[in-house]
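I have placed the structure first, in the form of structure tokens, so that the comments after it can refer back to it.
None of these values were measured; they are calculated from a predicted model. In listed order, ligands and their atoms are each counted from 1.
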Amino acid sequence: MVTTNVDRSCLDRSGLARTVALTTFGVVASMLASGLAYGSAHAGATFFPATRSFRLDGGHVTYAFGVTEAGLLQSTYWGPRLAATDVLEARAPRRVASIDPTSSVSPQEYPGWGGGLYTEPALKIALPDGARDVVLRYVSGRADESGVTVELADVARPIKVTLHYTIDEQTGIVGRSATIRNAGRDPVRIDQASSAAWSLPVGDDYRLHSLTGRWAAEWTLESRPIAGGSTVLESRRGSTSNHANPWFAIDRADLSTEESGPVWFGALAWSGSWRISVDRNPVGDVRVVGGMNPFDFGYRLKPGESLDTPVFYAGYSDQGMGGASRLLHRFELAKILPGGPTPKLRPVLYNSWEATEFAVDEKGQMALAEKAATIGVERFVMDDGWFGARNSNKAGLGDWTVNRTKFPDGLKPLIDKVHGLGMEFGLWVEPEMVNPDSDLYRAHPDWVIAMKDRPRTEQRNQLVLNLARKDVRDHVLKTIDDLVTRNDIQFLKWDHNRNWSEPGWLGVDPADEQRLYVDYVRNLYWIIAELRKRHPNLEIESCAGGGGRVDLGILALTDQVWPSDNTDPYDRLSMQDGFTHAYSPGVMMAWVTDSPSWANNRPTSLDYRFLSSMQGGLGIGANLNHWTEADFAGATRMIAAYKQVRQTVQRGELYRLIRPTDASPRSATFYVSRDRRQAVLFAFLHSSAKNNVLSNIRAAGLDPASRYRMRPIDIAASADQPIQSGAFWMAQGVELPMKGDFQATARIFEAVD
Ligand code: GLA
């Protein structure tokens with residue numbers, strides 16, 4: 001992930017490294033002048049032994065830290081890329097009063113709870129002799145092509161910590177994680193192990209943005225000033241959660257807008273319980289500490305064992321929230337998703353859930369597949385209800401054998417039919433769960449997450465299988481592997497429809513029970529990775545009661561995500577707005593479903609539903625048996641239009657021109673292809689009022705000097721359509737007369753020369 005153009009052989013203690021890095025800066029400066037939106041491939045990780053300082057440069061970002069005289073590792077800089085000649089050395093922090101000791105007011109890179117630390121620690125450890133503090137000091141460090149590695153150790157006990165740093169050469173996104181090692185002879189218990197602490201420059205106008213929600217209402221962007229004290233974003237649910245997402249962005253109220261000003265942002269690659277705490281300490285410094293949630297955490301490390309934290313990625317943009325999310329999208333597509341740097345485009349899919357719920361059978365699914373094929377669908381997905389005694393959510397989970405009443409000859413006839421119609425076949429599974437009314441549970445009641453002799457809480461009539469157990473892990477892999485091996489399946493929708501409760505691990509030493517929080521997630525990752533290895537063409541969607549498991553950890557193993565069970569096309573506009581602050585539209589699935597929507601009983605036109613759903617990966621979830629001729633014709637037209645722009649939508653640059661906040665009658669998004677030859681504008685009107693004339697919508701991100709023809713998205717190019725320069729479309733804008741309630745329209749811009 002990191003490349004370095006620093007020739008290690010020419011490093012010496014007198015600062016030759018700076019000279020080499022200056023060359024790097026020169027290249028970047030000239031690229032900046034040439035207007036490139038992202039950094040060059042010249043990135044570097046540098047160690048300056050004389051001053052014991054470290055520096056990572058990538059994209060337009062410099063991230064630096066160093067060692068104080070007292071041996072504390074502390075942040076020295078994080079922001080716009082600096083000249084290589086700039087000196088960034090760690091100094092003892094200014095002291096305000098003895099009541100706030102150095103350790104608390106120092107911007108430590110990885111503070112242990114000890115030595116008078118009153119702010120959020122990254123690490124907290126309990127030793128068998130009763131010691132519960134850990135005071136980390138710098139031991140050694142090095143920079144190489146993969147980044148920076150720093151060794152820390154406790155001042156008195158055999159606790160070692162290795163910090164890992166990488167930087168992405170294109171986006172300047174820094175990846176940080178830690179390895180905590182018990183180098184002693186007795187077991188120790190880790191009570192808190194964060195991935196990283198991030199320190200922001202001094203400032204008093206910081207605003208925190210986060211994504212919160214609930215089932216059917218995920219992805220609400222919330223913003224608040226960062227005041228003294230702590231703000232905690234977290235999941236205690238064992239998985240990522242619909243309630244809060246492990247992403248943050250911090251901008252400056254006085255300086256930042258959607259398209260300008262500084263934004264620091266980050267996202268955790270972890271699908272278990274997590275926490276990100278944002279603190280403003282007594283001297284006014286803002287720090288973000290995040291990783292696995294310390295709540296109910298307790299990981300016993302035997303002598304010689306170590307614990308690796310997940311990676312916490314973070315970046316900086318000086319182009320506002322829009323610039324920050326474009327960096328994240330680029331990074332996710334290139335460095336996180338399977339198939340990066342060019343992950344496959346999302347095919348148009350059909351999903352049966354809203355049409356049939358559990359009432360799936362061979363005849364009904366074949367009839368839907370025939371209809372789906374006629375409108376241009378490329379992947380047919382059968383959802384819940386095809387296996388075991390699964391006629392409702394009360395039974396069958398865990399029994400992944402085909403229900404012979406519904407599919408007398410197995411899945412083959414349906415799969416062959418779908419393939420014969422020219423579509424891929426996909427199937428819904430929920431491998432981590434079990435209904436107590438299932439053969440699996442009857443055979444293995446001890447396989448679930450539960451506490452000994454305690455009542456168990458069921459959600460959706462189901463319990464969670466304890467994937468941390470090796471036998472359960474192997475069983476789940478074998479079951480899904482068999483399913484995919486025996487049937488010609490191209491895609492799995494991998495669901496996870498409840499959160500944990502009573503998180504115990506039956507049968508292990510109670511001192512090891514809380515390893516569940518780590519081992520479960522690691523085994524989940526292992527199962528999916530192994531499955532993908534055995535079936536390289538298999539694609540997977542992450543779903544968890546809607547958008548409950550979307551994070552950079554699961555995205556490294558899955559190709560797309562289901563953001564919400566709420567498919568109301570108007571609600572989706574604000575959810576998609578929130579979602580794209582953190583995640584690429586290229587993984588964001590959206591279905592066109594029936595009108596009125598079940599969520600709000602709101603009727604909307606087919607075009608409105610399509611244009612809402614075409615802003616990510618497009619799916620159809622309507623009951624096609626109820627469609628009219630006109631619906632089929634409209635859908636065929638819109639799916640064909642989508643295929644013309646999907647590369648731009650899924651892989652291009654997103655500009656949120658008018659955000660769909662509660663107060664805005666209108667919203668608009670704009671997607672520009674990487675080569676700036678194509679762009680697409682989606683615009684929505686919530687409701688007209690008072691015969692208002694709407695202002696022009698101004699494009700963004702086009703090449704000012706190129707000329708673009710603008711046409712309605714579903715109408716072929718013709719000579720009477722306007723052609724203007726990119727400069728014109730961005731300055732004068734587009735006049736889009738819209739009247740009525742829940743109106744939608746879209747335009748394509750194509751470079752003509
Ligand atoms: C969850 C998913 C839905 C659907 C159902 C099936 O709620 O989010 O899309 O798959 O499960 O039971």
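For ligand 1, residues of the protein lying within 4.0 angstrom by heavy-atom distance are W353, D383, D384, W428, R460, K493, D495, N497, C543, G545, G546, W562, D565.
Rounded to the nearest 0.5 angstrom, R609 CZ and W591 CH2 are separated by 15.0 Å.
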Original post:
Passes side-chain contact (heavy atoms from CB on, under 4.5 Å), N625 versus W627? Steps please.
Top reply: CA-CA 6 Å; N625 297 323; W627 273 18; over 6 Å; no

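With sequence neighbours excluded, the residues satisfying side chain to side chain donor-acceptor pair (under 3.5 Å) with T669 are Q615. For R460, the side-chain contact (heavy atoms from CB on, under 4.5 Å) partners two or more places apart in sequence, or in a different chain, are W353, F358, D384, R390, N393, Q462, N497.
Sorted by first then second residue, the salt bridge (charged side-chain N to carboxylate O under 4.0 Å, His left out) pairs that include residues 591-604, not counting sequence neighbours, are D568-R602, D571-R602.
For W215 and H243, the gap between ring centers reaches or exceeds 6.0 Å.
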